[in-house]
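Both ligands and their constituent atoms are indexed starting at 1 by order of listing.
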Amino acid sequence: MGRIRVLSDVVANKIAAGEVVERPASVVKELLENSLDAGSTRIRIETEAGGRRLIRITDNGCGMLRDDALLAFERHATSKLSDVKDLLSIATLGFRGEALPSIASVSRLTLETRSPDETTGTLVEIAGGKILRCEEAALAMGTVITVRDLFFNVPARKKFLRSEQTELAHIAQLATHYSLAYPDKAFELRHQNSELLHVTPVSIMRDRVFQVFGSQIVSELVEMPEVSREIKIDEVDEKDTRFFRLRGFVSRPQIQKSNRNSIYLFVNGRLIRDRLLMHALSAAYANLIPPSSFPFALLFLDCSPEEVDVNVHPSKTEVRFRRSSFVHDFVRDGIREVLMASRPVSSLPLAQPPAQAGAGLPYSEFSQRMEDHRYREHVPAAPVEGGPAAALPEFRLDPPAVPAVSGRLDFSNAPPLAENAVPPPTPPPKLRNVPDTHGPLPPGLMSEPATSLEALRDLRPIGQLHDSFIIAAGNDGLWIVDQHVAHERILFEKVLTAMAAGEVEKQQLLIPIMLELSAPQQVEFARISAELEMAGFEIEPFGPRTLAVKAAPADVSTAEVEKVVFEILEIAEQEMRRESFEDIRRNMAASIACRAAIKINTPLDLPRMQWMLDRLAETQFPMSCPHGRPIALRYPTREILRGFHRI
Ligand code: ADP
Ligand code: MG
């Protein structure tokens, strides 16, 4: 007697119905889950053309008996539950008996399967839901399901599929996720001739994380010791308890991701997206990372099956907890505790401490930064002179003709500045001549984000505030310019223009930088490698999941190269749903610009400030940084005059 039964209408109707097959990745998900439910320990996924042309999953699980092989394609035929009350405590990944018939109705599917209880296997061939063949075959134990030409008979669906790389990225993400949830099983993912993932069974979670993400990520994560709680739901019946267990890995707060793609949540081994758990995670990181950032997290929550309803969403990616606020707090506190134990506070990447006066930013470091931005050829190195007082640039309303920081850097012997020539100081503007085109400010507001482009051309730096903001005199008032975002804007436009013209300046790295990529990152890399090249990177594959970065955009310092590449891959992942490379290109330029721009807490001398203001004036959009932050604030002359009761 077979193991598969067709569910009665009563049960079938209670199942969250809906479309199971949305895209190639949903086929992979269903087939993977079936293989896992079948107790397989080795699962291989092969794909072609992003899964549209071919998806083949080979497992070594329990296989299907001959009678079951055909029955599996009936709607609501499953070996996993039989009764309505089973729905209340589902322990398998599948339970609806919908996947195989759905997939078979929109593709050309071949099933080859043999159970250890039978000596021969069964081959079933179905196309567009019609059974073409069903015969005995000599097969190895386990199951092979081959899905070809997905949506061949549903052109409308096919039209909505994204590019091959995008579909493949989704598949890679899925395979990665499941390989993390089942470290004791072997997973292999191939796309045409390339191997994207190949992990052998390991006994501890950390080893699997290492296999999938590489050593860098492992070192950034904190492993959570398992936390568990039992609750008695019946005071009388001692045995009627429910358990909750949480384990996994979370990133130290220094690691901040710009999207949720590095958050992996599993409930009873099932990969899910869940708002409640997501919220618990952010609550655990509250005040440790900025609200717009996300951690890396790999969380496994296991609980009594009765405590979680998995039957709420057609693709089984959402769950509902019976005790939601308990679960929320349990998860939040569990994570918070490990974060506290790993003492994140001292290592928090708060703003760099302001450079101390005098001791200040060591000159070597300062000049190194300058070198990174290619000021060096114009500035001969000079030792820092004097003690604390001497190093403090004075803020003076009437700036001296010589740079205020000339005590530190001697420009007298400097070669003439070629492209970045410093113009002779312009005479202070005459207050009387200054028209205030901006009208009065709202009461109480002293400065406003600057909006006028024209005025920028006449800015004359006076000094620096906190080594971070350039104070400048303009025809229309006093300006405060954020040096980091200003430089970011300058570089952003420069990079974009150079990319468009194919004239990006590169630097060859003396020693190539090796990067280890996860499977989804490899797919992303393949998708955007031409864009990366346009931006000035030379990156070559080096071993199965390692890349060697041989050259990088000239503006990016070597220390930042790795971060920029990963940031760009992350951006690409985020933009995955969109096909246009335009956004990726802009974001890529923004990322390069941000990493290359001088930081705050960097002392600048007047010529450099002037250089910055001049370049800023030449940009197309000098008023906000690529991320939308304002670059300059203006204190209009009219307000100054009013403040001194002169008008
Ligand atoms: P469900 O997983 O919800 O039961 P499916 O349509 O995905 O429904 O699969 C139907 C049945 O086919 C399963 O219940 C299982 O008995 C059998 N089956 C599917 N895939 C496999 C596999 N890889 N190995 C063994 N049995 C399988
Ligand atoms: Mg299934």
Side-chain angles (χ1 to χ4, degrees), residues 1-8 11-22 25-46 55-84 86-87 89-107 109-118 121-124 126 129 131 134 139-147 174 178 182 185-188 268-271 305 310-317:
M1 164 112 178
R3 297 179 284 224
I4 299 183
R5 280 173 299 272
V6 176
L7 294 176
S8 73
V11 185
N13 293 339
K14 288 222 156 43
I15 278 170
E19 209 42 74
V20 188
V21 190
E22 213 185 316
S26 25
V27 173
V28 173
K29 175 171 189 288
E30 294 296 336
L31 299 183
L32 249 181
E33 290 186 350
N34 281 346
S35 296
L36 290 166
D37 281 344
S40 316
T41 55
R42 235 180 18 244
I43 303 175
R44 183 165 71 226
I45 311 163
E46 293 158 280
I55 295 170
R56 175 183 293 128
I57 302 208
T58 306
D59 71 39
N60 63 348
C62 67
M64 289 181 234
L65 299 166
R66 176 136 357 105
D67 295 341
D68 286 345
L70 267 185
L71 200 52
F73 292 96
E74 296 265 335
R75 234 165 240 287
H76 300 307
T78 179
S79 55
K80 301 170 195 173
L81 54 90
S82 57
D83 206 315
V84 177
D86 294 344
L87 265 179
S89 55
I90 293 168
T92 49
L93 296 168
F95 54 87
R96 299 193 177 119
E98 276 193 323
L100 287 184
S102 302
I103 298 167
S105 68
V106 292
S107 66
L109 185 149
T110 313
L111 162 72
E112 294 160 275
T113 187
R114 179 164 83 83
S115 140
D117 302 338
E118 290 179 338
T122 313
L123 183 148
V124 179
I126 303 185
I131 297 174
C134 173
L139 295 169
M141 241 165 51
T143 303
V144 184
I145 295 185
T146 310
V147 177
L174 256 164
Y178 274 106
Y182 298 88
K185 300 181 193 290
F187 290 85
E188 197 180 330
N268 290 345
R270 182 192 304 280
L271 173 68
V310 289
N311 185 24
V312 289
H313 189 266
S315 60
K316 298 168 288 179
T317 48

As an exercise, identify every atom of ligand 1 less than 4.0 angstrom from a heavy atom of [X].
{"X": "Pro101", "result": "6 (O)"}
{"X": "Glu98", "result": "6 (O), 8 (O)"}
{"X": "Ala99", "result": "6 (O), 7 (O)"}
{"X": "Ala72", "result": "12 (O)"}

For the [atom1] atom of [X] and the [atom2] atom of [Y], what is their distance to the nearest 0.5 Å?
{"X": "Cys62", "Y": "Asp117", "atom1": "SG", "atom2": "CG", "result": "9.0 Å"}
{"X": "Met64", "Y": "Ile145", "atom1": "CE", "atom2": "CD1", "result": "5.0 Å"}
{"X": "Tyr182", "Y": "Thr41", "atom1": "OH", "atom2": "OG1", "result": "13.5 Å"}
{"X": "Arg42", "Y": "Asn60", "atom1": "CZ", "atom2": "CG", "result": "5.0 Å"}

Practice item. Would you kindly specify which portion of Asp59 sits under 4.0 Å from ligand 1, judged on non-hydrogen atoms: side chain, backbone, both or neither? Key: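 Side chain only; the backbone of Asp59 stays clear of ligand 1.
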Check your understanding: Which one holds for Thr143 and ligand 1: side chain close, backbone close, both close, or neither close, with close meaning a heavy atom under 4.0 Å?
Key ->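 Looking at Thr143 and ligand 1, just side chain atoms fall under 4.0 Å.
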Exercise for review: Check whether any N, O or S atom of Thr78 sits under 2.8 Å from the Mg ion (ligand 2).
Suggested key: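 Of the N, O and S atoms in Thr78, none lies under 2.8 Å from the Mg ion (ligand 2), which means no.
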What heavy-atom pair brings [X] and [Y] nearest, and what distance separates the two atoms?
{"X": "Thr122", "Y": "Leu139", "answer": "O-CD1, 3.5 Å"}
{"X": "Glu46", "Y": "Arg44", "answer": "OE1-NE, 3.7 Å"}
{"X": "Leu174", "Y": "Ala25", "answer": "CD1-O, 3.1 Å"}
{"X": "Val124", "Y": "Ala69", "answer": "CG2-CB, 4.1 Å"}

Point to revise | Sub-4.0 Å heavy-atom contact, Glu30 with ligand 1 | key: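 Distance cut 4.0 Å: Glu30 fails for ligand 1.
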Check your understanding: Does at least one non-hydrogen atom of Gly63 fall below 4.0 angstrom from an atom of ligand 1?
Key ->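 In this structure, Gly63 qualifies as a contact of ligand 1 - some heavy atom is under 4.0 Å.
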Point to revise | Closest to atom 6 (O) of ligand 1 among Val144, Leu32, Leu100, Ile145 (heavy-atom distance) | key: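 Checking each option, the heavy atom nearest atom 6 (O) of ligand 1 is found in Leu100.
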Exercise for review: Check whether any N or O atom of Thr78, backbone or side chain, sits under 3.5 Å from an N or O atom of ligand 1, and answer yes or no.
Suggested key: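 For ligand 1, there is an N or O atom that lies under 3.5 Å from one belonging to Thr78.
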Point to revise | Heteroatom distance test (Asp37, ligand 1): nitrogen or oxygen, under 3.5 angstrom | key: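 In this structure, Asp37 places no N or O atom under 3.5 Å from an N or O of ligand 1.
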